[in-house]
Amino acid sequence: MREYLLVFLVAGTSTYLLTVIAREIALRSGAVAAVRDRDVHDAPIPYLGGLAMLGGLVAAYLVARELPFLSGSDPFVFRDAGVVLVAGALICAVGVVDDIFEIDALTKLGGQVLAAGLLVYFDVRFYYLPGSDGSQFLLDPTQGALLTVIVVVATINAVNFVDGLDGLASGVVCIGAVAFFVFCYVLTAQKDLTLATTGALLSAALAGVCAGFLPHNFHPARLFMGDSGSMLLGLVFSASTLTLTGQFNGTDISSDGNSIFVAVLPVLLPVSLLMVPVADLVLAVVRRTRAGRSPFAPDKQHLHHRLLEIGHSQRRAVLIMWLWAGLVSCGAVLTSLYSGPWMWWSLGTMFALTVALTFLVPVLKKPGHPGAEIVGSEPTGTL
């Protein structure tokens with residue numbers, strides 16, 4: 001655990017320090033987010049936070065190679081982690097170009113497919129899928145490659161899509177990375193499963209990168225991650241899950257929880273973590289299509305906009321969406337690892353608390369409510 005904690009701290013510290021350099025590069029290159037009607041920020045903010053994140057991941061990787069326990073891991077650990085970093089550098093470069101020159105959506109999609117294809121080429125891909133009777137279905141190379149590209153590209157765009165409020169995307173991914181780290185660490189420490197080391201390493205570094213970036217990105221943000229950051233986070237997050245459960249027979253990964261959940265976790269965790277933004281995406285497409293507009297036409301009716309409309313501040317809206325992300329990602333991991341009434345009681349309590357904070361707090365803060373004078377005394381822009 002100490003070495004993983006050091007990886008987390010190195011990634012976080014490096015990202016925090018490199019963010020200052022990334023901000024200066026953004027200002028000099030003109031990569032600045034102008035204020036648009038659908039945005040919630042009221043002043044131009046620099047992009048290119050992804051450069052600092054990539055630097056933090058690389059720093060964590062180099063340090064991990066020198067640590068006693070991690071350096072003695074099987075060769076595939078750093079090989080697979082290195083492949084993920086190279087693919088991450090590629091998608092980050094595509095994002096940098098988009099942040100500066102605003103490339104078209106088709107070109108950007110081509111870059112995403114290319115980065116996902118790089119993972120496939122170096123064998124970081126799906127090999128197995130679970131059957132309904134507990135058996136394992138071996139995918140042929142074409143099936144595994146196609147499924148891998150779909151999952152990676154979908155996760156990249158889901159993280160990109162959720163990047164609508166200060167600190168929202170980095171916090172959501174940080175929560176998911178911590179949840180997956182817990183899953184990998186339990187399998188490594190309690191089940192003696194060395195296959196989980198790569199996932200634990202990547203998720204610890206990813207969580208550190210997000211934590212190091214948040215002080216610069218939480219409201220009021222001084223720097224946006226931009227497409228260079230959101231696409232990088234999406235790729236590393238999905239690829240880190242692939243390095244474990246996507247590549248090995250589910251019978252090699254034993255736990256006390258639902259065995260099918262274990263086998264499909266590389267699909268389940270990104271989907272569960274990003275369930276809220278994906279639902280938002282589907283609703284946006286339906287809403288715009290029914291109005292006779294393009295599904296890609298921007299508007300100001302996303303979930304985070306609606307949270308602001310019902311009375312949440314920017315910071316509280318972000319925290320609410322963090323809670324929902326934590327609920328679904330922790331639920332996926334707990335269901336995979338454990339069973340028993342205590343788990344369901346825990347998830348039920350978390351769900352009730354999240355629902356209450358989402359819908360009751362704005363009511364309590366309305367003018368004229370008995371508690372409004374006390375609860376609503378916070379200055380604008382705070383929790």
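Below, all heavy atoms of this structure are taken into account, side chains as well, without hydrogens, waters or symmetry copies.
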message: Quick one, Pro215 and Thr19 - any side-chain contact, counting heavy atoms below 4.5 Å?
response: no
- prompt: Does the side-chain contact (heavy atoms from CB on, under 4.5 Å) test come out yes or no for Leu206 and Leu202, once each step is laid out?
  reply: CA-CA 6 Å; Leu206 183 61; Leu202 286 172; over 6 Å; no
- prompt: For the atom pair CG (Leu62) and CZ (Phe78), what is the distance rounded to the nearest 0.5 Å?
  reply: 10.0 Å
- prompt: Okay, side chain of Asp104, backbone of Leu106: is any donor-acceptor separation there less than 3.5 Å?
  reply: yes
query: Closest approach of Gly88 and Leu54, non-hydrogen atoms and distance?
result: C-CD1, 4.4 Å
- prompt: Taking side chain as C-beta onward, heavy atoms only, is Asp123 less than 4.5 Å from Arg79?
  reply: yes
- prompt: Rounded to the nearest 0.5 Å, how far apart are OG1 of Thr155 and CD1 of Ile150?
  reply: 11.5 Å
task: Please tell me if the side chains of Tyr47 and Ile100 come closer than 4.5 Å, counting only heavy atoms from C-beta onward.
output: no
Residue list, ring-ring contact (aromatic ring centres under 6.0 Å, His included) with Phe8, at least two apart or on another chain: none
- prompt: Any side-chain heavy atom of Leu57 within less than 4.5 Å of one from Tyr61?
  reply: no
message: Tell me if the OH atom of Tyr16 is crowded by more than 12 foreign heavy atoms within 6.0 Å.
response: no
message: Taking Ala200's backbone N and O only, do any of them form a donor-acceptor pair with Ser203's side chain (distance below 3.5 Å, no angle check)?
response: yes
query: Are the side chain of Asp98 and the backbone N or O of Ser228 linked by a donor-acceptor pair below 3.5 Å?
result: no
task: Assess whether side-chain contact (heavy atoms from CB on, under 4.5 Å) is satisfied between Asp74 and Thr197, documenting all intermediate values.
output: CA-CA 9 Å; Asp74 290 338; Thr197 305; over 6 Å; no
query: Has the side chain of Thr15 got a donor or acceptor atom that lies under 3.5 Å from a matching backbone atom of Gly12?
result: no
- prompt: Is the closest side-chain heavy-atom distance between Val96 and Leu51 below 4.5 Å?
  reply: yes
query: Taking atom CG of Leu201 and atom OG of Ser73, what is their separation to the nearest 0.5 Å?
result: 8.0 Å
Audit row: Val151, Leu242, side-chain contact (heavy atoms from CB on, under 4.5 Å) steps and yes/no: CA-CA 10 Å; Val151 169; Leu242 278 174; 5.7 Å; no
task: Check whether any side-chain heavy atom of Leu90 sits under 4.5 Å from a side-chain heavy atom of Leu235, and report yes or no.
output: no
message: For Thr198 and Asp80, which I'm curious about, is there any donor-acceptor pair between the side chains at under 3.5 Å?
response: no
query: With side chains defined as the heavy atoms from C-beta onward, is the minimum distance between Gln112 and Val94 less than 4.5 Å?
result: no
message: How long is the straight-line distance from CD1 of Ile91 back to CE of Met231, given to the nearest 0.5 Å?
response: 4.5 Å
- request: Run the numbers on His216 and Arg23 for side-chain contact (heavy atoms from CB on, under 4.5 Å), then give the verdict.
  value: CA-CA 10 Å; His216 297 278; Arg23 188 176 190 278; over 6 Å; no
- request: Identify the two heavy atoms, one from Ala205 and one from Ala11, that lie closest to each other, and give their separation to 0.1 Å.
  value: O-CB, 3.4 Å
Whichever hydrophobic residues join Val113 through chains of side-chain contacts under 4.5 Å: Leu109, Val120, Val149, Val153
task: Determine yes or no for a side-chain-to-main-chain donor-acceptor pair under 3.5 angstrom, with Asp227 supplying the side chain and Asp99 the backbone.
output: no
message: Testing the basics here: between Ser240 and Phe180, what is the closest heavy-atom pair and its distance to 0.1 Å?
response: O-CE2, 3.3 Å
task: For Leu119 and Ala239, work out which heavy atoms get closest and say how close.
output: CD1-CB, 3.9 Å
query: So, for Asn217 and Met225, which heavy atoms are closest and what is the spacing to 0.1 Å?
result: ND2-N, 4.4 Å
Aromatic ring pairing Phe218/Trp322, orientation class (parallel under 30°, perpendicular over 60°, tilted between): tilted
statement: dist Phe181:CZ -> Tyr4:OH (nearest 0.5 Å) comes out at 6.5 Å
statement: Between Leu70 and Glu3, the two heavy atoms sitting closest are N-OE1, 2.9 Å
- prompt: OG of Ser170 to CG of Leu233: how many Å apart, nearest 0.5 Å?
  reply: 7.5 Å
- prompt: Are any of the side-chain heavy atoms of Leu67 and Val7 separated by less than 4.5 Å?
  reply: yes
field: Criterion side chain to side chain contact (heavy atoms under 4.5 Å, CB included) against Leu323, the qualifying member of Val318, Leu353, Thr354
entry: Thr354
